[in-house]
S.K.: 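My questions will all concern the structure given below.
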Protein chains: 2
Amino acid sequence: MARTRGASFDQQRAAIIEAAARLFAARSFAGTSTAQIAAAAGVSKPLLYHYYRDKEALLFDIADGYMDRLLALVAAASSQGLAPEAHFRALLRAFMAEYRTSQDKHMVLVQDVKFLSSERHAAVVAKQRAVVDAVAAAIGRLKPRFTRRALRVPLAMILFGMINWTFTWLRPDGPLAYEDMAEVVTELFLNGVLPAPLVQAAPRPRAKAAAPAPAGRSAERRLAK
Amino acid sequence: MARTRGASFDQQRAAIIEAAARLFAARSFAGTSTAQIAAAAGVSKPLLYHYYRDKEALLFDIADGYMDRLLALVAAASSQGLAPEAHFRALLRAFMAEYRTSQDKHMVLVQDVKFLSSERHAAVVAKQRAVVDAVAAAIGRLKPRFTRRALRVPLAMILFGMINWTFTWLRPDGPLAYEDMAEVVTELFLNGVLPAPLVQAAPRPRAKAAAPAPAGRSAERRLAK
DNA sequence: CCTACCGATCGGTAGG
DNA sequence: CCTACCGATCGGTAGG
């Protein structure tokens, strides 16, 4: 049969990207040499430069491609016509499922986008902002009062903090499953945000009574200012 | 008056560490040259090597010193004899107050500890674990059932996610104050964790009724397994 | 405490 | 005369 030049091309390209993501995640973009990437991918350095014009092109391909995956995931969740809370739950499940198999790319995105040229950096940041805005909008639908960006975006960033920080401690083969993390975070966030305005002392049955927060210190009011 | 050699020594050393933390945060440890650090600190490269034996010693001084600050902050909160919830609130206030002025060190700790030698890396990680354990213990006291590490530590990491992720988006001169972040996170976490076992459908008044989570999918049960 | 350097290794590309 | 690659080495710069 005919020589599958295309297949080999794609396979080598995939091997290079995978090796680069792994090495960038472990030693950072600046701490990884192109010779190390080529060796890890099983190709010569000139061949690596045949596929990518320079080291930065590798980084951009990793970061931009990963953002495309996250954007597709956000779009898929939105296209299902779910009710607000079901939509929110679906989003978190989708994110954690993606994170489980994308730890390297996740780390590269967090720590190495700063090495991109300003144009490429701006392109990746724009996609990040689109993902954040989509999640912020989903949060806004959970609770009608969360309509202002000043309130929704910080809550979205707090939510992303909970799940994105997993790259520092959660392991795919560890005792806590990624899908369980999605559920814990979902419940914590919904319980934390839905029942009462933030900070205002909600009536909660507790053994030790805490001093009710003064109304003037309402964080929600501060966020909305 | 006598030449204040000691003062100059400490000042130069502080200038070097500050410059190093700023550059490491911006371009990472591997992407920063010692010449850049020396220039930013206003000293010659040989003088920099008079204070620090190599580049890694700078990194260790930043990371280890910052962990000492966080440990001191945790110890100070514990020494006040506060009730569980007040103790928890005090901890978050103290962390966010520290983070507000330690953005560079915070980023260096997150992204560059991996460049430390294994001994120094282990020393920093041990201090990080001590901080996490202290916060996990404080969470355990909030709710007596959170007594097992399998439950407390993931919740502590979720909490650290919320506040540590701020280094990617929260700015000291931005519209949202760090002290307000502390309050929002405190309320979100307490509301999210205290009232009901995680995941089990709690009776909440909502417009749109969501499907109650099946009992078998209780995240708390999974965490505790 | 500076100028002047070193062994090595960097990212990227030459000839064939 | 293409493409897809290799072994070898380029000019500059890193940490020290």
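Every chain is numbered from 1, with letters handed out A, B, ... down the list of sequences.
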S.K.: Assuming nearest nucleotide by heavy-atom distance, tell me which of B/V43 and A/E56 is located more 5' along DNA chain C.
M.R.: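 Looking at DNA chain C, the more 5' nearest nucleotide goes with B/V43.
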S.K.: Rounded to whole Å, how long is the line connecting atom CD1 of B/I16 with atom C1' of C/dC1?
M.R.: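 About 13 Å, once rounded to whole Å.
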S.K.: Provide, to the nearest angstrom, the distance between the CZ atom belonging to A/R27 and the P atom belonging to C/dC10.
M.R.: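 Rounded to the whole Å, the gap is 10 Å.
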S.K.: Across the strands shown, which category fits A/Y51 at heavy-atom distances under 4.0 angstrom: base, sugar-phosphate, nothing?
M.R.: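 The residue A/Y51 makes sugar-phosphate contact but no base contact.
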S.K.: Look at the rings of A/W165 and B/F167 and say which category their plane angle falls in: under 30° parallel, 30 to 60° tilted, over 60° perpendicular.
M.R.: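 Because their plane-to-plane angle is over 60°, the rings of A/W165 and B/F167 count as perpendicular.
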S.K.: To the nearest angstrom, how far is A/I37 atom CD1 from C/dT9 atom P?
M.R.: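 Rounding to the nearest Å, CD1 of A/I37 and P of C/dT9 are 17 Å apart.
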S.K.: Please tell me if A/T34 has a side-chain N or O lying less than 4.0 Å from either OP1 or OP2 of C/dG11.
M.R.: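 Checking A/T34 against C/dG11: at least one side-chain N or O falls below 4.0 Å of OP1 or OP2.
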S.K.: What is the distance from CZ of B/R53 to P of D/dG16, rounded to the nearest Å?
M.R.: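 It works out to 10 Å between those atoms.
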S.K.: Could you tell me whether the phosphate oxygens of C/dG12, OP1 or OP2, come under 4.0 Å of any side-chain nitrogen or oxygen in A/Y49?
M.R.: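 Yes, such a contact exists.
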S.K.: When you check the phosphate oxygens OP1 and OP2 of D/dC5, does a side-chain N or O of A/S44 lie under 4.0 Å from one of them?
M.R.: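 Checking D/dC5 against A/S44, no side-chain N or O comes under 4.0 Å of OP1 or OP2.
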S.K.: Could you tell me the separation between the CG atom of B/L47 and the P atom of C/dC1, rounded to a whole number of Å?
M.R.: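 That distance rounds to 6 Å.
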S.K.: Of the listed nucleotides (C/dC1, D/dG15, C/dG11), which one gets closest to any side-chain atom of A/S33?
M.R.: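 The listed nucleotide nearest to A/S33's side chain is C/dG11.
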S.K.: Where does the angle between the aromatic ring planes of B/F95 and B/F160 fall among parallel (under 30°), tilted (30 to 60°) and perpendicular (over 60°)?
M.R.: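 The arrangement is perpendicular - the two ring planes meet at more than 60°.
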S.K.: Please report, rounded to the nearest Å, how far the C1' atom of D/dG15 is from the CD atom of B/Q36.
M.R.: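 The answer, rounded to whole Å, is 12 Å.
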S.K.: Given C/dC1, C/dG12, D/dG15, which nucleotide is nearest the side-chain atoms of A/K45?
M.R.: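 When the side chain of A/K45 is considered, C/dG12 is the closest of C/dC1, C/dG12, D/dG15.
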S.K.: Is there a salt bridge (charged side-chain N to carboxylate O under 4.0 Å, His left out) between B/E85 and B/R89 once you walk through the steps?
M.R.: CA-CA 6 Å; B/E85 189 172 316; B/R89 292 176 183 277; 2.9 Å; yes
S.K.: Closest approach to the side chain of A/H50, judged atom by atom: which nucleotide of C/dC1, C/dG12, D/dA4 is it?
M.R.: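 Between C/dC1, C/dG12, D/dA4, the one nearest the side chain of A/H50 would be D/dA4.
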S.K.: From CZ of A/F115 over to C1' of C/dC10, roughly how many Å is that when rounded to an integer?
M.R.: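 Result: 15 Å.
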S.K.: If I take atom OH in residue A/Y52 and atom P in nucleotide C/dT13, what distance separates them, rounded to the nearest angstrom?
M.R.: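 Those two atoms, OH and P, are 17 Å apart.
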S.K.: Give the ring-plane orientation class for A/F29 versus A/F24, where under 30° counts as parallel, over 60° as perpendicular and anything between as tilted.
M.R.: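 The rings of A/F29 and A/F24 stand perpendicular, inter-plane angle above 60°.
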S.K.: Under 3.5 Å, is there a donor-acceptor pair between the A/S102 and A/E98 side chains?
M.R.: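 The answer is yes; a qualifying pair exists.
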S.K.: Is there a donor N/O on one and an acceptor N/O on the other, under 3.5 Å, for the side chain of B/K55 and the base of D/dG16?
M.R.: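 No, the side chain and the base share no sub-3.5 Å donor-acceptor pair.
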